[in-house]
Each structure stands twice: as structure tokens, then as C-alpha cells.
Amino acid sequence: MSAPAGTQDEPRTDRIQAATALRRKDLLGIAELTTEEIALVLDTAEAMKEVGERPIKKVPALRGKTVVNLFFEPSTRTRTSFEIAEKRLSADTLNIAVGTSSVVKGETLADTALNLEAMRPDMIVLRHSSSGACHLLSRICRSAIINAGDGMHEHPTQALLDAFTIREHKKRLAGLKVAIVGDLQHSRVLRSNIHLLTKMGSDVWVCGPPTLIPADIGRFGVRATSAVDDAVTGADVIMLLRIQLERMEGAYFPSLREYFNVFGMTEARLRRAKPDVIIMHPGPMNRGVEIASEVADGPYSVILEQVANGVAVRMAVLYLLAGGTEHEAAA
């Protein structure tokens, strides 16, 4: 697929690299992406963001393509931003309400996917509670599969939009100290961000209660600590992660109030970071647990920018995967 031309109808491409397609069928995780592919998505998202600033926020890049949004877990930001991204690219979209589908009658994920596949969609955006669900669909479906979060495995488009937001503010990723604080054990956002940020040269610190730090996390090239002051001192970026009570079985810490007292991001802790630090959260936020309201709403917060950038990044992913699919079909 050729690059979108710099016309009134399509986004500018003066910052997009020469290769304009991800040379893969699916986006299953950050782990398998190269640094060049990550940079390509981020550069393409810059052009796509310009579309959202126009009076008419639509380009014909995916006209004639059909995208199915198949969400087995609740979602507001991810599902909505994918749907907006698809519509801005002129794709035909179909949202499957799992609660009213044949899944409630006992149909398996594989059978659901194969029934959808029989209708010849071009892409399936999947969110599922089981790690590896997207890889299963990738093996059995002709359609391109985009991972919108699978269990405790990965959430690649969240990491890409986080990186895009960081790069907008800091103009780089390499050499930045990024502190990620929260529920490290259950977070797919953490896993995707670790893969991306370490590949791109960031100095990543992770922090949380000892009971929520994975035993093998050091092998991913990050520094792990339970001392939040050490993690945030001199940080360029602080990313808070939600405490995922729905995934917890047993007591990982005494109480939510105690967690906030020890690990919550307050204005006092924020003063240990660099003066131009940015505060991030993938959402949904638990105010008074991971983050104080005055920090979430303060001048250093880029949380709403993350939400807005999610549309541009997901437009870029959809566009680049469509180009890659066409390239493979023509080969």
C-alpha cells in the first residue's frame, strides 16, 4: 500500500518513513516488533493526528475494508478509540456485544472467530481475558488480528500511544528515566511498555509492593524496587498503573488506604522527579489509590492527552497493517 499522499483528503507523510506497511499480518504484541517498526508507527501517528485537527475528520485510506471489534472484557477508552480510528479511516465497522452473542450459549472463541471469518472481514480487533487469545486467532484466521489486550500478556497499542505521548513532550525516548508504579504483577500495560521502552533506550524503573513484583522481572532489563522515592527521584516520566482488584486472589497489601500512603503519587512525591516530569496513567484511574486528584488534574498530567493520542496511534496501526496485508496478498 502506498503512503497516503499529502492532499486535502489524506494525511501528510513528510515524517513517515519510506516503508509504509508493517510487514506482518497481525499486531499481537510489542515483543516481536523491531525498533524500526515501532518508529514507523509513531511517525505515522504524527500524520494521522493531523486528520483529527481538521473540520472534516475523515480520510478514505480504509474505504472498502471491514473491521470487527470483538471485546470480551469491559472497555471504554480502547474500544471507543478503535471505533473512532476506524471511522476516520472510512472503514466499515462492526461491534460485537459478547453479552448478546452466541458466546453466552457456550460457543468457543475459536468458533466465534471462524464464524466471523466466514463473513470475510479484513481485520479483527480482539480484547480477551485469556493470555494468548490473539495468537490463537492469528493462527486460524485469514483476517489481520490486532491485540487490544489479552489477559495479563500484552496491550501493544497502549504502549505505542504511551510512547507517542512521551515523544511529543520529550522529543525522544532514549535516555529518559521512566518510573512505572503500581500493580506490576497483573498489568499487560506494564509488559508492553517494558518491551517498547527498553528497546527504544529508556531507563525503566518499576515499583510496587513486593507481593506485586514478578519474580523474573529483572530479566527484562528494568530496575525493580519497592522504594517509591527511589523510583521517582530524577524521573522524566512517571506512569501509574491501576490496582487490578478483579484479578487478585488473596491479600497483596493491607488495604487500599495503606497502598496510597506508601505508593500513591502525591504532590510531595512528585517533587522528587525532574521539574518537567510528565504524569501518565492508562486508565481507568482509582483516585486516592494510585494517584491523588491534585496530581491527576495538575499541570504535569498528560492523562487526557494519552486518550486523545490513542485515536491517532490506532489509526496508524490500522493503516499500516492494511498496507502490509495488501503487500503480502500481492507478493
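Keep in mind the model is a prediction, meaning the values are calculated, not measured.
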Query raised in the report: Closest heavy-atom contact between Val317 and Val41?
Result: CG2-CG1, 4.0 Å
Query raised in the report: So, does Ser202 use its side chain to make a donor-acceptor pair with the main chain of Leu173 at under 3.5 Å?
Result: yes
Query raised in the report: Closest heavy-atom contact between Lys57 and Gly52?
Result: CE-O, 3.0 Å
Query raised in the report: What heavy-atom pair brings Met265 and Arg269 nearest, and what distance separates the two atoms?
Result: SD-CB, 4.0 Å
Requested in this report: Using the six-membered ring of Phe71, assess whether NZ or CZ of Arg127 lies under 6.0 Å from its centre and within 45 degrees of the ring axis.
Outcome: no
Query raised in the report: Are Val311 and Val307 connected in the hydrophobic side-chain network, where two residues link if heavy atoms are under 4.5 Å apart?
Result: no
**Report entry** Heavy-atom pair of closest approach, residues Ile30 and Pro156
**Finding:** CD1-O, 3.6 Å
Report task. Run the salt-bridge test on Asp203 and Lys177 with the 4.0 Å N-O cut-off and return the result as yes or no. Result -> no
Query raised in the report: Are Arg172 and Asp236 close enough for a salt bridge, meaning some N to O gap below 4.0 Å?
Result: no
Query raised in the report: Side chains of Thr93 and Glu83: donor-acceptor distance under 3.5 Å anywhere?
Result: no
Query - For the student: nearest non-hydrogen atoms of Phe220 and Thr198, plus distance - result: O-CG2, 3.7 Å
Requested in this report: State the CG-CZ distance between Leu70 and Arg79, to the nearest 0.5 angstrom.
Outcome: 9.0 Å
Query raised in the report: Given Glu154 and Ser192, is the side chain to side chain donor-acceptor pair (under 3.5 Å) satisfied, shown in steps?
Result: CA-CA 5 Å; Glu154 277 214 48; Ser192 288; 2.6 Å; yes
Query - Short N-O contact, Asp26 and Arg139, less than 4.0 angstrom - result: no
Report task. For Lys58 and Val51, work out which heavy atoms get closest and say how close. Result -> N-CG1, 4.0 Å
Report task. Take Thr165 and Asn309 through the test side chain to side chain donor-acceptor pair (under 3.5 Å) and record every step on the way to the result. Result -> CA-CA 7 Å; Thr165 306; Asn309 288 337; 2.9 Å; yes
